[in-house]
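Since we're looking at a predicted model, the values are computed, not measured. Starting from 1, each residue takes its place in the sequence as its number. Only this structure's heavy atoms are used, side chains among them; waters, hydrogens and symmetry mates stay out.
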Amino acid sequence: SRRLCNIIDAREKKKTGEKTVPYVVDKEKCVAGTAPACQATCPLHLDIRGYVAKLKEGKFDEALAIIKDRLPFPKIIGRICTAPCEGKCERSNVEEAISINALKRAAAEFGAYTDDLSIPAGKSQKVAVIGGGPAGMMAAYDLRKDGYQVTIFEALNTLGGMMAVGIPEFRLPKAVLNAEADILKKLGVEIKFNTRIGKDIQLTDIQKSYDAVFLAVGAHKGRKLGVAGDTADGVIDGTEFLFKVNTGEKVAVGSSVVVVGGGNVAIDCARTCVRLGFNDVSIVYRRSRAEMPAIPMEIHEAEEEGVKLVLLSGPSKVVTSGSKATGLECVKMQLGEPDASGRRRPEPMAGSDYVIDADLIIAAVGEEPELGFLDDKAVNSGRISADPITLATPVKGLFAGGDAVTGAATVVQAMAAGRKAAKSIDLFFKGEP
């Protein structure tokens, strides 16, 4: 740490012309009293420096204790986190980032820890959590640990949301997910499975029975390709495809499949198709590999498994024979000026159309929430309207967070939203700002 900090310090002082003064990173306080960049970037603000230091000493139990202080589900996150912390790791200024998420998983796998199941007494307020995905799980955990009575209403027959039905088994085994989610039952969180909001129970009825409600319904509805023929037989959205596979529904396997998209859902679909037995699996993405939002290691592993990346190409039409899709017509792209996302905008190249034959076309181009159960005043542009700081909606006592508010994001971001909602609900009950 001393050597690394001196290198960084020297670089900064050279820029400003100041005299270099060696310093070290204290165990408890970082330079100038600020959190390390990795910890500040982590949506859950885990003490990365703390648990990495313990792992270096071989103290796996102590490392896991540090992680569990802020993350009750380390085996889940250790497998699927997108690791934004590694993008800010100071070690990359010298060589490359350390494998922070892999170290977290190592601590979770090999460390021993006994969960504290104690609950403070005396709080009678009841909270309904709508959705048992990552945001709902974290909110329920924190609220129950604060002593509140918590009930989760979940449309599926298991906890996890898209972690259970959207992430393939080879990335997140169901046994791991269920084992970590089980802590909610041990804490006394009531869970009502197979209860879909707006169908099996109405939000207004829940609001009458509970003192606060947290909407964590996620974004489970896949978007269409938005091109001619995208409703043909043999065209399916990525979330529906993964749901069918993960729930054991039979999926017809052909010779070739084309997945459209560059995110983690697209990669998961492609790697799942390899395991189902498709001989020819391709991913069509309109930008270059550098702009793909999927986890780089997942992209690499997909290629190792034989998935072909068709980059700088976008769909223009689904080719059909009768009502059945037989291929995807694409157009080659070139990158222009950056768009609102900061990435260079893909622009079609005239006369560059070509066709990729496919028995199955999977649209993994984004997800959106289904909000038909909500009053219009709580919805804005297809998402739940909630304050970005407090997660309070315009309806008193109704909070919302996760993908239904932000759009499709990551599991760790959803968990962070659940924690923020739990804190806001606690303040709401106390009558504090």
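Heavy atoms of other residues, nucleotides or ligands lying less than 6.0 angstrom from CD of Glu96 number 12 at most. When the shell of 6.0 Å around CZ of Arg144 is examined, it contains more than 12 heavy atoms from other residues, nucleotides or ligands. Counting heavy atoms of neighbouring residues, nucleotides and ligands inside a 6.0 Å radius, atom NZ of Lys430 exceeds 12 of them. By the neighbour-count criterion of 12 heavy atoms within 6.0 Å, atom NZ of Lys224 is sparsely surrounded, having that number or fewer from other residues, nucleotides or ligands.
Nearest heavy-atom pair, Val227 versus Ser316, reported as atom, atom and distance to 0.1 Å: CB-O, 3.6 Å. Here the closest non-hydrogen pair linking Ile361 and Gly327 is CD1-O, 3.5 Å. Shortest non-hydrogen contact noted between Ala400 and Ile384 is CB-CG2, 3.5 Å. In plain terms, the two heavy atoms of Lys75 and Val176 that are nearest each other are CB-CG1, 3.7 Å. Counting all heavy atoms, side chain and backbone alike, Asn194 lies closest to Asp200 at O-OD2, 3.5 Å. For the pair Gly254 and Asp359, the tightest heavy-atom approach, listed with the atom from each and the gap, is C-OD2, 3.5 Å.
A search for ring-ring contact (aromatic ring centres under 6.0 Å, His included) contacts involving Phe243 returns nothing, not counting sequence neighbours. Asp376 pairs by the side chain to side chain contact (heavy atoms under 4.5 Å, CB included) definition with nothing, not counting sequence neighbours. By the side chain to side chain contact (heavy atoms under 4.5 Å, CB included) test, Glu249 is found to be paired with Lys244, Thr247, residues two or more places apart in sequence or in another chain being considered. Residues that satisfy the ring-ring contact (aromatic ring centres under 6.0 Å, His included) test with Phe428, not counting sequence neighbours, are Phe399. In this structure Tyr141 satisfies the ring-ring contact (aromatic ring centres under 6.0 Å, His included) test with no other residue, sequence neighbours excluded. Every ring-ring contact (aromatic ring centres under 6.0 Å, His included) that Tyr210 has, sequence neighbours left out, goes to Phe153. Under the rule for a side chain to side chain contact (heavy atoms under 4.5 Å, CB included), Lys56 has no partner lying at least two apart in sequence or in another chain.
Salt bridge absent: Asp403 and Arg383 never bring a charged side-chain N and a carboxylate O closer than 4.0 Å. Salt bridge annotation for Glu303-Arg289: present, with a cationic side-chain nitrogen under 4.0 angstrom from a carboxylate oxygen. Using a cutoff of 4.0 Å between basic side-chain nitrogens and carboxylate oxygens, Glu109 and Arg79 are scored as salt-bridged. Under a 4.0 Å N-O distance rule, the pair Arg275/Glu305 qualifies as a salt bridge. A salt bridge links Glu368 with Arg223: at least one charged nitrogen is closer than 4.0 Å to a carboxylate oxygen. Between Glu301 and Arg271 there is a salt bridge, since a side-chain N of the basic residue sits under 4.0 Å from a carboxylate O of the acidic one. Ionic pairing of Asp116 and Lys68 is not present here: no N-O contact between side-chain nitrogen and carboxylate oxygen is shorter than 4.0 angstrom.
No side-chain donor from either of Gln207 and Thr204 sits under 3.5 Å from a side-chain acceptor of the other. In summary, the side chains of Thr239 and Glu367 do not present any donor paired with an acceptor at a separation below 3.5 Å, with no hydrogens or angles considered. If you check the side chains of Tyr148 and Asp426, you find a donor sitting under 3.5 Å from an acceptor. For Gln202 and Asp205, the side-chain atoms include no donor-acceptor pair closer than 3.5 Å.
Proximity of a side-chain donor or acceptor of Arg345 to a complementary backbone N or O of Gln334 within less than 3.5 Å is not detected. In this structure, Thr320 contributes its side chain and Ser323 its backbone to no donor-acceptor pair below 3.5 Å. Looking only at distances, a side-chain donor or acceptor of Ser424 sits under 3.5 Å from a matching main-chain atom of Thr390. Thr195 contributes a side-chain N or O that, together with a main-chain N or O of Phe193, makes up a donor-acceptor pair within less than 3.5 Å.
Note: Lys145 NZ to Ile119 CD1 = 5.0 Å, rounded to the nearest 0.5 Å.
Pairs of residues two or more places apart, or lying in two chains, that qualify as salt bridge (charged side-chain N to carboxylate O under 4.0 Å, His left out) and include a residue from residues 171-194 are Glu169-Lys174, Arg171-Asp268, Arg171-Glu298. Counting only residues at least two apart or in different chains, ring-ring contact (aromatic ring centres under 6.0 Å, His included) contacts with residues 56-75 are absent. The stretch residues 92-115 participates, sequence neighbours left out, in no ring-ring contact (aromatic ring centres under 6.0 Å, His included) pair at all.
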Anything under 3.5 Å between a donor and an acceptor, one on a side chain of residues 123-139, the other on a protein residue two or more places apart or in another chain? List them.
{"unit_1": "Lys123", "atom_1": "NZ", "unit_2": "Asp146", "atom_2": "O", "d": "2.7"}
{"unit_1": "Lys126", "atom_1": "NZ", "unit_2": "Ser209", "atom_2": "O", "d": "3.4"}

Side-chain donor-acceptor distances from residues 99-107 under 3.5 Å, at least two apart:
{"unit_1": "Asn101", "atom_1": "OD1", "unit_2": "Lys104", "atom_2": "NZ", "d": "2.7"}
{"unit_1": "Asn101", "atom_1": "ND2", "unit_2": "Gly78", "atom_2": "O", "d": "3.1"}

